[in-house]
Amino acid sequence: MSEPEIEDNVFVGIPASTGIIIGKAYVLDRHMICVLEQSVPEDELDAEIERFYEAAESCRSEIREIADRSRSESGEDIPSLVFDTHFQILNDPSVLSDVKNIMVERRCNAEWAIKVLLEKYQTSFSKIKDQYFRDRLLDIEQALTRLQRHLIQGGDGGTLDDLTEPVIIVSHDLSPADTIQLTPGKVMGFAIDVGGKTAHAGIIASSMDIPAVVGLKTLSLNTRSGDALIIDGNAGEVVLRPTTAQFVKYNKRRQKHLYYDQAVHAKKHLEAVTTDGVKVKVLANIESSQDLAHLAEHGAEGVGLYRTEYLFIHRSKWPGEEEQFEDYRKVAEAVKSNWAIIRTLDMGGDKLPTGSDYMDMAAEPNPALGLRAIRFCLSEPAVFKTQLRAILRASAFGNLKIMYPLITAPEELIAANALLEEAKGELAGEGIAYNPAIETGIMIETPSSALFAGHLAKLCSFFSIGTNDLIQYTLAIDRMNEKVAYLYQPFSPAILKLLSQTIMEAEKAGISVSVCGKMADDPVSVAILLGMGGLRELSMDVHSIPRLKQFIRSISVKDARAIAERALEMTDAEEIKSFVMKHIGDKTREGLTAEFAPDGD
Ligand code: PEP
Ligand code: MG
């Protein structure tokens with residue numbers, strides 16, 4: 001059977017957050033302005049300079065207004081950091097006079113002079129070794145581009161807080177400054193030109209439980225605000241100005257999706273037990289103690305990964321022991337008879353401490369291969385011990401476990417445990433309660449730890465496989481770079497071998513093993529993972545839990561074993577994926593939807 005043809009108005013990108021939505025587009029004009037050089041006659045130059053200063057002033061007022069609003073809405077200072085930086089750049093006399101001087105020298109229009117200045121900055125910043133200063137270029141680019149937009153369009157090309165009705169955001173990119181302005185309820189979904197599987201916009205969309213497609217290349221150039229749009233975040237498709245037939249087709253898909261979602265939500269509290277009676281524990285990944293509120297409503301059986309680094313970024317000093325203790329105590333109390341795994345600080349690599357100047361992470365040529373995660377913590381023992389003391393103290397209030405990120409060798413685990421023992425000794429000496437038998441585990445995120453899992457398993461009580469990083473480090477693919485996103489392949493035979501090896505070694509040593517990377521919420525991966533031995537725990541974004549529990553209830557471990565065995569013999573990632581999909585076909589979202597919907601395409 002030949003592949004169905006893709007219609008001209010259907011843009012195919014990378015699915016970043018599930019769901020299907022039909023609505024009106026709101027185009028946020030980002031990064032795609034066209035700046036032309038115009039020569040300005042001598043007698044008009046003063047007026048052009050005046051126009052430039054006025055635009056800078058109105059840009060600053062706009063930024064101040066947004067910052068004030070987000071401060072008063074959130075009651076926090078955090079969101080305003082980005083705006084404060086942009087304000088300062090547009091208020092910096094040397095930046096403004098540099099633009100003016102270029103205008104005078106070249107007799108050119110203001111927007112062109114800004115472009116020339118930006119190019120100068122780009123050249124000189126590229127020579128700076130310090131990552132912190134190099135990162136400041138992004139702020140300068142965003143601030144000056146905003147100013148160019150004011151000059152060209154008389155405004156910023158739209159801000160999200162102008163929205164009066166729910167819309168689908170279409171944009172070339174979506175900066176953190178944009179996402180800060182998002183009001184849930186006003187945004188139905190995202191369709192973004194750039195980005196790979198772990199794009200910022202996709203992560204935000206998943207946490208807001210709205211559909212998103214990224215990597216759509218030219219969508220924003222072809223869309224006007226007000227255009228009708230369909231986003232299919234399951235298939236990774238966006239339909240621009242749909243025909244009646246397309247409306248009908250995608251509406252059917254949407255109905256099926258909604259039926260399915262309703263059906264799985266109705267069963268979210270049921271355990272995930274396979275058809276041959278094997279129980280799989282499904283836990284949540286959280287990024288803040290505020291996420292705890294959503295555990296029960298999605299049927300999570302505890303916390304499999306608390307990414308504590310979000311406690312450390314966007315602030316002016318290290319969070320102290322007391323502040324951390326209060327936060328971890330909330331986690332301990334919330335999980336009741338279950339457990340919560342607190343991952344110690346995983347800073348560096350893709351998690352750079354933006355807005356946290358206090359954290360002196362020196363620039364490195366290869367941050368992903370540098371002083372990140374456990375390496376950073378071991379180089380800052382005081383900071384690390386403060387976190388360990390806070391977790392230990394919280395362990396007196398509920399079942400907490402400690403997990404170290406990016407362990408590549410036993411020495412790191414031994415050194416981390418030595419600090420943990422020191423912290424325990426201190427607390428005991430101070431008469432402060434903690435759980436002396438707290439379990440410690442490690443993330444398996446590198447080929448070295450997977451290959452050496454047998455030895456590491458003797459030194460800890462559990463493994464959690466971080467497939468996001470394991471794929472990055474095994475296949476040498478920057479997980480954040482959309483240019484190589486097509487090579488980011490969870491079904492690579494090399495990845496499957498490392499997974500199977502890790503799970504086997506954990507089983508042999510009698511310790512538990514879970515998966516907390518993105519592979520845990522993909523039914524195709526899960527069909528293989530559950531067949532790889534004793535893996536019986538998965539941890540994922542809360543919104544994926546009802547869907548995955550339903551999938552697990554529809555398969556048997558016996559079938560999963562046969563699937564895994566065959567997949568491990570195969571040599572081609574695409575072939576492996578198609579093979580598994582063929583086997584579980586009617587048990588995936590689409591197949592299960594058919595059970596609940598009357599009909600569909
Ligand atoms: C992983 O690497 O798979 C993981 C879960 O950790 P993070 O995504 O926070 O790096
Ligand atoms: Mg990781």
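Bear in mind the structure is a predicted one, so any value in this text is a computation, not a measurement. Indexing begins at 1, ligand by ligand and atom by atom, following the structure's order.
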- Message: Can you see whether Tyr434 has Arg393 sitting over its ring - NZ or CZ less than 6.0 Å from the centre and within 45° of the normal?
- Response: no

- Where the closest heavy atom to atom 2 (O) of ligand 1 is concerned, which of Glu287, Glu309, Glu445, Gln472 has it? Glu445

- Task: Could you tell me which N, O or S atom of Glu445 is nearest to the Mg ion (ligand 2)?
- Result: OE1

- Message: To the nearest 0.5 Å, what is the distance between CZ on Arg479 and OG1 on Thr467?
- Response: 9.0 Å

- Message: Under 4.0 Å from a heavy atom of Arg343: which atoms of ligand 1 are those, numbered in the order shown and with their elements?
- Response: 6 (O), 7 (P), 9 (O)

- Query: Which ligand 1 atoms are under 4.0 Å away from a heavy-atom of Cys516?
  - Reply: 5 (C)

- Task: Could you check whether the rings of His455 and Phe452 sit parallel, tilted or perpendicular, using 30° and 60° as the cut-offs?
- Result: tilted

- Task: Take the angle between the ring planes of His294 and His543 and call it parallel below 30°, perpendicular above 60°, tilted in between.
- Result: tilted

- Note on the structure: Near Gly466 (heavy-atom distance under 4.0 Å), the atoms of ligand 1 are 1 (C), 2 (O), 3 (O)

- Message: Among the N, O or S atoms of Asp469, which one sits nearest to the Mg ion (ligand 2)?
- Response: OD2

- Item | Under 2.8 Å: N/O/S of Asp346 next to the Mg ion (ligand 2) | no

- Enter the distance from Tyr310:OH to Met347:CE here, rounded to the nearest 0.5 Å. 8.5 Å

- Output for pair (Ser500 OG, Leu568 CG), nearest 0.5 Å, gives 5.0 Å

- Item | N-O pairing of Asp346 and Arg372 below 4.0 Å | yes

- Please state which part of Ile465 comes within less than 4.0 Å of ligand 1, counting heavy atoms only: side chain, backbone, both or neither. neither

- Message: Can you tell me if Met443 contacts ligand 1 (heavy atom of the residue under 4.0 Å from the ligand)?
- Response: yes

- Query: Can you list the atoms of ligand 1 that are under 4.0 Å from a heavy atom of Leu305?
  - Reply: 5 (C)

- Task: Counting heavy atoms only, name the option from Met519, Lys518, Arg479 that's nearest to atom 8 (O) of ligand 1.
- Result: Arg479

- Note on the structure: Result for side chain to side chain contact (heavy atoms under 4.5 Å, CB included) between Leu305 and one of Asn285, Leu283, Ile286 points to Asn285

- Compute the shortest N/O to N/O distance between Thr467 and ligand 1 and return yes if it is under 3.5 Å, no if not. yes

- Proximal ligand 1 atoms for Arg307, defined as those under 4.0 Å from one of its heavy atoms: 4 (C), 5 (C), 6 (O), 7 (P), 8 (O), 9 (O)

- Message: I'd like to know if Glu301 pairs up with Lys281 as an ion pair, taking the criterion as any Lys NZ or Arg NE/NH1/NH2 lying under 4.0 Å from an Asp or Glu carboxylate oxygen.
- Response: no

- Item | Identity and distance of the protein heavy atom lying nearest atom 10 (O) of ligand 1 | Lys351 NZ, 2.7 Å

